[in-house]
Amino acid sequence: MGDSCLWALAFLNFARLIAEKRQVSSKALQRGIVIAMVLATVGGALAAYFVSRNNLHATRSDRVDTAQERISDAVRARAYFLEDIGDMVGVHDDADEAEFSRWAHVRGRNEDAVVSVEWVRRSPSGELVPPHDIGPHPVLVAPTDPGNATLANALTQPVASGPLKRSSLHKDVAISQPIKLANGDEGFYMSVPVVSHKDSGEISALESQSSIVGLIDAQQLVAEALPVTAHPTPLQLRDQVTPLATIGSGLDNAIKAAIATPGRAWTVSVAGGSLTTTEMLLPWLILLVGGALTFTVAIMLRTLARRRDAALALVSERSDELAASLKRVEQANRELERARSEAERLSREDPVTGIFNRRHFGEVLAGELSDPADGGIPAVLLLDLDHFKRVNDEHGHLMGDAVLQTVTDRIASVLREEDCLARWGGEEFAVLAPDIDRDGVLALAERAREALAEEPVRVGDVFIDLTLSVGAALATGNRRTPDGLVHAADQALYEAKGAGRNCVRVWDSGAAASGVNAR
């Protein structure tokens, strides 16, 4: 549509130029139009060619970037898995098989790429030895294939010595050279450091300095990292000159990317693909169709040359009028739409936090209470920041605004999708929770309180401890009006403040509010 408008505008301007310069002959006009169409045809063919090439380049880049990112993430995930085991071992030096099994079950991790995991500890003499030589030996992950039993003992494998030394002495994650697994896949050792914690048992700190060594199936690692499809993109992962894993067959127009791994330099090669038959033929098709169209137009222009002069004069006049009118209308519409949108936003949005303001909250509350078709019971929660004045006094109002924005994000993160959050004023917020009961109100209010109390609010390098007092009321009895419901919630908030702050109170019929205090 946009290209058609540009061509129409160009044609109108060209026609007006011809009308103003009557000296231009019909033959020159025809020649100019034909030349323009030839240039458009050639330009379209070139554009189709370069777009196809650009799309191919983008696809190739996306393929290699995706493979690079997913394989890197898979390696990091296994390192985290082994580090988690190292954390467990570092705290519990006397962990047994049953304890580890319970811990692994809670983790719920699917680590099919991890063939085995061994815990290698440091003896009192400083030498790395199997754990059973100096103490209990928890069964970590034993290989399911008996052919990998020897490989699972990393201390007997020369390729594992380098990673073991680096992780135990330098406290770095390290990966070994490739090693052939029993199933024919290439594998590698990943070693992560373990250092005993303060209460790690009776074994000395030197004895507890150890490593968790995982034997990883590289083919399985790549298979889990990349999405399973009917026709996967062929790729190959290599460690220097040794192929680690292969997906699919054929690496046509392969592109490579480096994968940074601890202690090793891996390279992934991905099939880049090529232009399809349609993409290769499209530029020639455009040239053929455009050439035929240009020839047809040239014949028509020759026939219509006698009638064109009058039409061009009329077009020139009407195009000026239309262009001027369209510009005025478009400008007016843009200004009107900008003004309307800005006015609507300002009337309903709090300028500091970006959430709804008190006016919008009141309209939503009135609509919720006046809708007879909704059988649910709504509730209003008023949330007030305790001692917020100290933030402005100690850090300034700009810092106070930044804190309010962070508080808004935390409160919003625990609300339900249907809840309405608004800034009631100052450091006070309001929440309309439709279709809820008293237990739900208590749970919602407690989540909001805990979201702020669980950790300080951070703004830049400043950490500020803040708490919330929450008062809530359900729209029952004489509280089915906006004012009545808000007044009840305000009374409950007053009770929460009086109870020592950082607590929740829900207004009950006929008496004071009830709720929960902070634990």
Side-chain angles (χ1 to χ4, degrees), residues 75-101 103-104 107 109 111 113-182 186-218 221 261-264:
V75 173
R76 283 193 293 268
R78 273 57 185 191
Y80 296 155
F81 175 71
L82 296 178
E83 288 173 353
D84 287 344
I85 295 177
D87 288 343
M88 187 275 291
V89 169
V91 176
H92 305 286
D93 284 329
D94 57 352
D96 57 16
E97 179 178 2
E99 180 174 359
F100 176 77
S101 298
W103 179 83
R107 295 291 299 173
R109 294 275 290 273
E111 296 295 346
V114 180
V115 177
S116 66
V117 179
E118 182 182 18
W119 174 21
V120 180
R121 300 172 63 176
R122 189 172 295 282
S123 70
S125 65
E127 297 295 327
L128 289 173
V129 296
H132 57 77
D133 288 353
I134 60 172
H137 182 187
V139 178
L140 300 185
V141 177
T144 58
D145 188 342
N148 291 320
T150 302
L151 298 179
N153 187 358
L155 284 176
T156 65
Q157 302 301 318
V159 298
S161 61
L164 277 171
K165 180 178 180 180
R166 180 172 177 178
S167 62
S168 62
L169 297 181
H170 301 288
K171 304 300 180 290
D172 290 332
V173 178
I175 289 178
S176 74
Q177 299 175 9
I179 187 170
K180 185 71 70 174
L181 301 178
E186 293 291 338
F188 58 89
Y189 292 101
M190 177 182 288
S191 182
V192 301
V194 177
V195 179
S196 65
H197 292 254
K198 180 179 180 181
D199 301 320
S200 60
E202 298 179 357
I203 300 176
S204 68
L206 176 62
E207 293 173 334
S208 295
Q209 290 181 355
S210 56
S211 295
I212 298 296
V213 185
L215 180 58
I216 313 298
D217 187 329
L221 177 77
T261 54
R264 303 300 300 170

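All residue numbers in this chain count up from 1 along the given sequence.
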Can you name the closest pair of heavy atoms from [X] and [Y] and give their distance?
X	Y	result
Ser191	Val213	OG-CG2, 3.9 Å
Pro158	Ser161	O-OG, 2.7 Å
Ala174	Arg166	CB-CD, 3.7 Å

Can you tell me how far apart [atom1] ([X]) and [atom2] ([Y]) are? Round to the nearest 0.5 Å.
X	Y	atom1	atom2	result
Leu155	Glu118	CG	CD	5.5 Å
Leu215	Leu151	CG	CG	6.0 Å
Ser167	Glu83	OG	CD	11.0 Å
Ile216	Ile179	CD1	CD1	12.5 Å

Checklist entry - Which residues pass the ring pair (Phe, Tyr, Trp, His ring centres under 6.0 Å) test with Phe188, sequence neighbours left out? => result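 Once residues adjacent in sequence are excluded, the partners of Phe188 under the ring pair (Phe, Tyr, Trp, His ring centres under 6.0 Å) criterion are Trp266.
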Among all residues two or more places apart in sequence or in another chain, which pass the side-chain hydrogen bond (donor to acceptor under 3.5 Å, both in side chains) test with [X]?
X	result
Ser168	Arg122
Lys165	none
Glu186	Lys180

Checklist entry - Asp145: what forms a salt bridge (charged side-chain N to carboxylate O under 4.0 Å, His left out) with it, not counting sequence neighbours? => result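 Checked Asp145 against salt bridge (charged side-chain N to carboxylate O under 4.0 Å, His left out); zero matches.
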Next on the checklist: A side-chain contact here means heavy atoms from C-beta on lying under 4.5 Å apart; do Met190 and Val75 qualify?
Outcome noted: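 Yes, at least one pair of side-chain atoms sits under 4.5 Å.
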Item to check | Passing candidate, side-chain contact (heavy atoms from CB on, under 4.5 Å) with Arg78, options Val173, Ile175, Val114 | outcome: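 That would be Val114; it is the only one of Val173, Ile175, Val114 passing the side-chain contact (heavy atoms from CB on, under 4.5 Å) with Arg78.
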Next on the checklist: Run the side-chain contact (heavy atoms from CB on, under 4.5 Å) test against Pro143 and tell me which residues pass, sequence neighbours left out.
Outcome noted: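 Per chain and number, Pro143 pairs via side-chain contact (heavy atoms from CB on, under 4.5 Å) with Val115, Ser116, Asn148, Ala152.
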